[in-house]
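Below, read A as the first sequence line, B as the second, and so on, with proteins coming before strands; counting in each chain starts at 1.
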2 protein chains.
Amino acid sequence: MVATSEDVARRAGVSRGAVSQILNGRGARFSAGTRERVQLAAAELDYRPSVAGRALARGSSDIVIALIPDTTFGGNLQDLFESMTDEFAGHGLTLLLRLSGTSTTSLDHLLTGIKPRAVLSLTGFSDEERAVLEERGIRGLESPAPTGGSPIHDIAKVQARHLIDRGHRRLAFAHLRDERQEFYGRAREEAFAAVCLAEGLPAPEVLSLDLGLPDAVEALRMLPARGFGVACYNDEVAIALLAAAREIDWAVPDDLAIIGMDHLLLGQLTSPPLTTIEYDQTTVAEGAGRWALAVLEQPSEVSAEAPPLQLRIIQGGTT
Amino acid sequence: MVATSEDVARRAGVSRGAVSQILNGRGARFSAGTRERVQLAAAELDYRPSVAGRALARGSSDIVIALIPDTTFGGNLQDLFESMTDEFAGHGLTLLLRLSGTSTTSLDHLLTGIKPRAVLSLTGFSDEERAVLEERGIRGLESPAPTGGSPIHDIAKVQARHLIDRGHRRLAFAHLRDERQEFYGRAREEAFAAVCLAEGLPAPEVLSLDLGLPDAVEALRMLPARGFGVACYNDEVAIALLAAAREIDWAVPDDLAIIGMDHLLLGQLTSPPLTTIEYDQTTVAEGAGRWALAVLEQPSEVSAEAPPLQLRIIQGGTT
DNA sequence: CGCGTTACGTAACGCGCGTTACCTAGCGCT
DNA sequence: AGCGCTAGGTAACGCGCGTTACGTAACGCG
């Protein structure tokens, strides 16, 4: 049905071993003519080595599995993974996605079974995941943290600084009440609180809401007074709070200042449009992809350099 | 590093062949004692058959690849795939995701390499994709169309009927101007137009917009007059049009009626909240997952029955 | 000529598994 | 005893590939 290396060998008039060597870069020992004949035959037959056979012989496949965190996927992120898929394909690697919400043992099964060349995560691994990878001897690739701390901390810092710069002294952090965001949300909250502390401000209030009007209103009522500046987990939370403020007739940004995160298109359609933070996901992804490829092909040089996360404040009308 | 079937065999004091047979349901010929010893040994060693070895021996792996269409992913859909991942895992299948934006030849490479047990698509395959699957002899699973037409047609119909029921005679369809939606968008538009025709109404106006205010306003200006009822590709488009209407001081729903699709949480935060269509993605996914498993395990009974897509109108304030 | 090199390939093993043909012991029956 | 049968299990092949030890010429050189 599909051409095997045996077919290629026959067509090129050589042995299977020769085909294998030539097509895998170890062909220096063969004459130019033979190399050419093999290359040609492979091309003509559209030969594509079997992942299974190769994995069996070599111990690991050419598959790279990207763990998709339980944070909101879609939109830019999707574009990003798409371009990464193409980029990897160009290097003979197959990028597949795995939703990582499932248990760690499930991940373990995946690894022992598929023997991927590497596992990739743009948001870093949990300790559990790291342990499993280590145990199975599988390469874990995570976008190295830009100097100066993780992206998560950077985001929290930028949000806090912006609110403080705009004159707010009483700050709050608004979580998305979704257990899947637990991990990142908590980190963001802590980093945010740290900035408040460093600036000599009182500890921030902490809100938590679902994306519904009643819930958002309820959250606002938890604030001790008007005049707070709220850093939101993302633009969706920000939109919800904005709607809630309108509902209870709080003026934005006077009674409530809001800064989001993500620069969602929908966030610019509110009135006033959201103040938010943009970062170029495409750049991040391309960087991560390129970096991953480099690491995979030059296992020695683990160049831990990655372009720093560029966070840009989009000044809207909510701060 | 990892236990092989040989290890299990040694530990159970039997041959490797016995292990293979017993663990694959062909163990009726073995004594109960032997079966038990093998099962126990496998459990103790946490034996997990190598995907590669199995794929090689059997011709296809236990991997199921889900093609993720270029439509918006995330949110409910993500939950859905997550639960499907778990459900598949329970049946010894590994569900991986593949962004299908990339070329068909890329899909071809994927198939010939990995030899997945099946390829799954919730939205149906393109003709190209179907051809590739056929050629490679790989099972393509698509959620069978509920009786009475595809989900796409159902959506268009429900939107049109609702607008007509609310007294609108001049209808429009609003596309999302994103080439990735091209395929589904066009189908929806055509189905929508068909309903108009059947009802003796003039052909619908066709709008197309990006999710930005200027673009949405521009789209509205393309309408020949006020008083149109617009069926939107999704809630995001609807939100954009709603914002545009407010921008140019059109009253909703009098000057412009809007019905969305998806029942996005954010769509309920607008003022007025969106009239939209909800469908239980979880149910759809679970149904699809169950169906897929059934088909895979009973290759003969291709029960083409799937629960019909339940579309429910969420009456908001925009119609 | 005789010997050592190099250039060019090939044969063969093993990766982990599924499958099938085959073997052996035990038992019942004539 | 001889035959047939079944239950219970094993040996061995092949899936497609990467890798390495091993030819086998041709060639250079004294």
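Taking the side chain to side chain contact (heavy atoms under 4.5 Å, CB included) definition, one finds that B:Ser61 meets it with B:Val51, B:Ala55, B:Ile63, B:Ile114, sequence neighbours left out. Residues passing the salt bridge (Lys or Arg N to Asp or Glu O under 4.0 Å) test with A:Arg10, sequence neighbours excluded: A:Asp7. A:Arg35 pairs by the salt bridge (Lys or Arg N to Asp or Glu O under 4.0 Å) definition with nothing, not counting sequence neighbours. Contacts of B:Arg26 classified as side-chain hydrogen bond (donor to acceptor under 3.5 Å, both in side chains), with partners at least two apart in sequence or in another chain: none. In this structure, the side-chain hydrogen bond (donor to acceptor under 3.5 Å, both in side chains) partners of A:Glu44, at least two apart in sequence or on a different chain, are A:Arg11. With sequence neighbours left out, the side chain to side chain contact (heavy atoms under 4.5 Å, CB included) criterion links A:Arg54 to A:Asn24, A:Pro49, A:Arg58, A:Asp62. Under the rule for a salt bridge (Lys or Arg N to Asp or Glu O under 4.0 Å), B:Arg37 has no partner lying at least two apart in sequence or in another chain. Checked against salt bridge (Lys or Arg N to Asp or Glu O under 4.0 Å), B:Arg130 has the following partners two or more places apart in sequence or in another chain: B:Glu142.
The shortest side-chain heavy-atom distance between A:Leu99 and B:Leu97 falls under the 4.5 Å cut-off. The closest side-chain heavy-atom distance from A:Thr4 to A:Ser50 is not below 4.5 Å. In this structure, B:Glu129 and B:Leu67 have side chains that are in contact, with non-hydrogen atoms separated by less than 4.5 Å.
The 5' end of DNA chain D is approached more closely, in terms of each residue's nearest nucleotide, by B:Ala32 than by the other of B:Ala32 and A:Arg29.
Counting 5' to 3', DNA chain C first comes under 4.0 angstrom of a heavy atom of chain A and last does so at the ends given by C:dC8 to C:dG16.
Within residues 6-23 of chain B, the residues approaching DNA chain C are B:Arg16, B:Gly17, B:Ser20, B:Gln21, by heavy-atom distance under 4.0 Å. Within residues 45-55 of chain B, no residue has a heavy atom under 4.0 Å from DNA chain D.
In DNA chain D, consecutive stretches of 3 or more Watson-Crick or G-U wobble pairs with both distances under 3.5 Å are given as paired ranges: C:1-30 with D:1-30.
Without hydrogens or angle criteria, B:Thr85 side chain to B:Phe81 main chain gives a donor-acceptor distance under 3.5 Å.
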